[in-house]
Q: 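Below you will find the structure I want to go over with you.
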Amino acid sequence: APPHMCPPFFFPHHRVMAKLYQLDDLVAKLPVDRRSLKTALEGSIKMSFVKWYHSLYDMSRLKSILLQCYALKAVSESCLTLCNTIQNSISPEVKRLTGVDYLAIYVASLDTLFSPAVMDLMERWSQKKELAVTTSYVLYLNTKRMSVIAQQLETTDLKGLKLLNCQRWFKKMVPVWLKVALVICKERIDRAVEVDKIAIVTDEVCYSSSLVDTLTFLHQLVDFWNNLDWTSPEETYTFVVELINCITDAAKYYVEQIYTRAFEHTSGMEQFSITVRECIILNNMKHMQLMLSPEPSSSAVAGLLDELELHKTFDWLQQEIGIGEQGRILVGNVVKSAAEDIGQKITSESEQLVMQFIPAIRVFIDEAMQAAQGATIEQVLSPLGEYLNTNLKTLSSNLLFSVFRNLLEDI
């Protein structure tokens, strides 16, 4: 079995070889090309890796690009696992015993077999759109992690490794991944809104579960980007702008979904009354707006750019290619525009709430006009006062202060 497959038996094997090569009389009887322990081991390691790799992956047997993508993803997982094992366990021991850099030989061998297969697959993807998006993303992550290990090698013989430029192979996949991530995010938002009872989560917070879920989904978009660990400044600039567009698009989509549910239960009501439900929906919308563009008075709420630490990215872009400030302004405008769109939705719902009061108030006024002679002003206006007081109390108890203040101005 290849030594990669049985590391517990690998170390004793090399210990024995190291001791045998200390016997000059024995070494003298070997062929000239095998008298160096280092040469013999390097050749053995390369041969064993090639056999092991081909036992995992045979391109000639897979005609479909889709099947090749699935297969390479599985191969990348095996190669990464083996790479970690060699780096942490096998290579230090072998290097101590024999002076052979096992990890460097493994990475170089990996680069001659695995790298061309992935490069070819990504090159042909442009003509074959059925390539599994999620599978290609996992393939990238595994390849990138192996490239990071390769960058840590001490030897200078590996500077020409194709693996070190693996991001170039996947560059055209990033916009596709972002689009799919946005679609998945919106699907999750739909489910979160559907199961949301529009009820306060705890006594300490004034929003519902769908807001918490949606913020989690937005952070998953950020995690997706962080996991890419993209190193090209020019491409990073483009991708960051696309990422922010995805995040703001998802935020506006969530607000639109809960906006449509705001007055579902009020149809057919003889007399409209404010409930906690409407307050929570307004609060959810306001929280989402604050996440994008916090108000000066809400210092406890971190804005999107601050929370995602994009300022660090823009500082780096400014240093590398001189467009960090341009990117900061562009992304700031995108976020500001999304926050304004959400603000318009909040204003629209607030206006609808006010409009819902008008029919009931007119009824109270008509009744007051028809009040019996001799009735006091207090008796005439008391029903209207109680109605307004009850609803205002509900609003003040459950709305965020900034939303309540704006609503009062509308009333």
Side-chain angles (χ1 to χ4, degrees), residues 2-8 10-11 14-15 18 37-39 41-50 52-53 56-57 72-119 121-122 136-171 173-174 223-236 239 309 312-313 315-317 319-320:
H4 312 34
M5 307 299 289
C6 46
F10 191 48
F11 300 155
H14 283 75
R15 292 193 187 103
L37 173 61
K38 183 177 180 181
T39 302
L41 282 178
E42 288 177 351
S44 174
I45 292 170
K46 291 177 183 177
M47 185 182 301
S48 64
F49 173 77
V50 170
W52 176 80
Y53 182 86
L56 294 176
Y57 183 71
L72 272 177
K73 188 204 85 162
V75 169
S76 70
E77 292 169 348
S78 299
C79 288
L80 178 60
T81 300
L82 181 54
C83 201
N84 289 325
T85 302
I86 292 174
Q87 181 184 38
N88 299 325
S89 304
I90 299 177
S91 192
E93 178 75 2
V94 172
K95 195 169 187 178
R96 183 182 66 82
L97 289 172
T98 66
V100 173
D101 191 340
Y102 191 110
L103 182 61
I105 297 172
Y106 171 79
V107 170
S109 301
L110 185 71
D111 199 53
T112 61
L113 295 172
F114 177 74
S115 295
V118 179
M119 291 171 64
L121 181 71
M122 291 298 106
S136 65
Y137 176 61
V138 175
L139 175 60
Y140 164 77
L141 293 181
N142 292 337
T143 305
K144 182 69 170 67
R145 287 163 187 155
M146 286 186 280
S147 115
V148 170
I149 293 175
Q151 291 171 7
Q152 298 169 358
L153 293 172
E154 298 176 358
T155 178
T156 58
D157 298 336
L158 301 177
K159 289 185 177 179
L161 280 176
K162 296 181 285 292
L163 193 61
L164 299 181
N165 299 312
C166 65
Q167 287 189 335
R168 295 180 185 174
W169 317 338
F170 294 90
K171 180 175 68 173
M173 293 299 301
V174 177
D223 291 340
F224 156 79
W225 167 250
N226 290 336
N227 287 336
L228 291 182
D229 191 23
W230 213 259
T231 56
S232 166
E234 294 84 356
E235 294 160 7
T236 295
F239 295 153
E309 296 189 340
K312 294 182 179 178
T313 299
D315 289 344
W316 173 63
L317 290 174
Q319 180 181 358
E320 292 292 327

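Just so you know, these numbers use all the heavy atoms, side chains as well, and skip hydrogens, waters and symmetry mates. For this chain, numbers begin at 1 and follow the sequence in order. Treat the numbers as computed from the prediction; the structure is a model and nothing was measured.
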Q: After noting the C-alpha distance and the side-chain angles of Y140 and V118, does the key distance pass the side-chain contact (heavy atoms from CB on, under 4.5 Å) rule?
A: CA-CA 9 Å; Y140 164 77; V118 179; over 6 Å; no
Q: Answer whether the closest heavy-atom distance between the side chains of L141 and R145 falls below 4.5 Å.
A: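 With C-beta onward as the side chain, the pair touches.
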Q: Find the distance between CG (L80) and CD (Q87) and round it off to the nearest 0.5 Å.
A: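 Going from the CG atom of L80 to the CD atom of Q87 covers 10.0 Å.
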Q: N165 and L161: which non-hydrogen atoms are nearest, and at how many Å?
A: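 Nearest heavy atoms, N165 then L161: ND2-O, 4.1 Å.
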Q: Could you measure the distance from the CG atom of N84 to the CD1 atom of I90? Nearest 0.5 Å is fine.
A: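 It is 11.5 Å, given to the nearest 0.5 Å.
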Q: Step by step, work out the side-chain contact (heavy atoms from CB on, under 4.5 Å) result for M122 and F170.
A: CA-CA 7 Å; M122 291 298 106; F170 294 90; 3.6 Å; yes
Q: Can you tell me how far the CG atom of L228 sits from the CG atom of N226, to the nearest 0.5 Å?
A: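 L228 atom CG to N226 atom CG measures 8.5 Å (nearest 0.5 Å).
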Q: How many angstroms lie between atom CG of N88 and atom CD1 of I149, to the nearest 0.5 angstrom?
A: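 It comes to 8.0 Å.
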Q: Decide side-chain hydrogen bond (donor to acceptor under 3.5 Å, both in side chains) for Q167 and E235; before the verdict, give the C-alpha distance in whole Å, the side-chain angles of both, and the deciding distance to 0.1 Å.
A: CA-CA 10 Å; Q167 287 189 335; E235 294 160 7; over 6 Å; no
Q: Mind listing the closest non-hydrogen atom pair of S76 and M146 along with its distance?
A: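 Closest approach of S76 to M146, heavy atoms only: O-CE, 3.9 Å.
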Q: Can you label the angle between the W52 ring and the Y106 ring as parallel, tilted or perpendicular, going by 30° and 60°?
A: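 Judged by the thresholds at 30° and 60°, the geometry between W52 and Y106 is tilted.
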Q: Quick check against the 3.5 Å criterion: does S91 have a side-chain atom that pairs as donor or acceptor with the backbone of L103?
A: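 The answer is yes, because a donor-acceptor pair under 3.5 Å joins these two groups.
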Q: Taking the six-membered ring where the residue is Trp, are the ring centres of W169 and F114 under 6.0 Å apart?
A: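 W169 vs F114: aromatic centres not under 6.0 Å.
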Q: D111 side chain to L163 main-chain N or O, any donor-acceptor pair under 3.5 Å?
A: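 Yes, the answer is positive, given that a donor and an acceptor are paired below the 3.5 Å cut-off.
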Q: If I take atom CG from residue L82 and atom OH from residue Y53, how far apart are they, to the nearest 0.5 angstrom?
A: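 One finds 12.5 Å between CG of L82 and OH of Y53.
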Q: Between T112 and S109, which heavy-atom pair has the shortest distance, and what is it?
A: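 Looking at all heavy atoms of both residues, the closest pair is OG1-O, 2.7 Å.
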Q: Does some side-chain heavy atom of W230 sit less than 4.5 Å from a side-chain heavy atom of K171?
A: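 A side-chain contact exists here, since the closest heavy-atom pair is under 4.5 Å.
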Q: With rounding to the nearest 0.5 angstrom, report the CG to SG distance, L110 to C79.
A: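 Between atom CG of L110 and atom SG of C79 there are 5.0 Å.
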Q: Does the pair K73/E77 count as a salt bridge with the N-to-O cut at 4.0 Å?
A: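 Salt bridge flag = yes for E77 with K73.
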Q: Check step by step if side-chain contact (heavy atoms from CB on, under 4.5 Å) holds for K46 and V50.
A: CA-CA 6 Å; K46 291 177 183 177; V50 170; 5.6 Å; no
Q: Can you tell me if Y102 uses its side chain to pair, donor with acceptor, with the backbone of I86 under 3.5 Å?
A: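 Side chain of Y102 to backbone of I86, a donor-acceptor pair under 3.5 Å: no, none is there.
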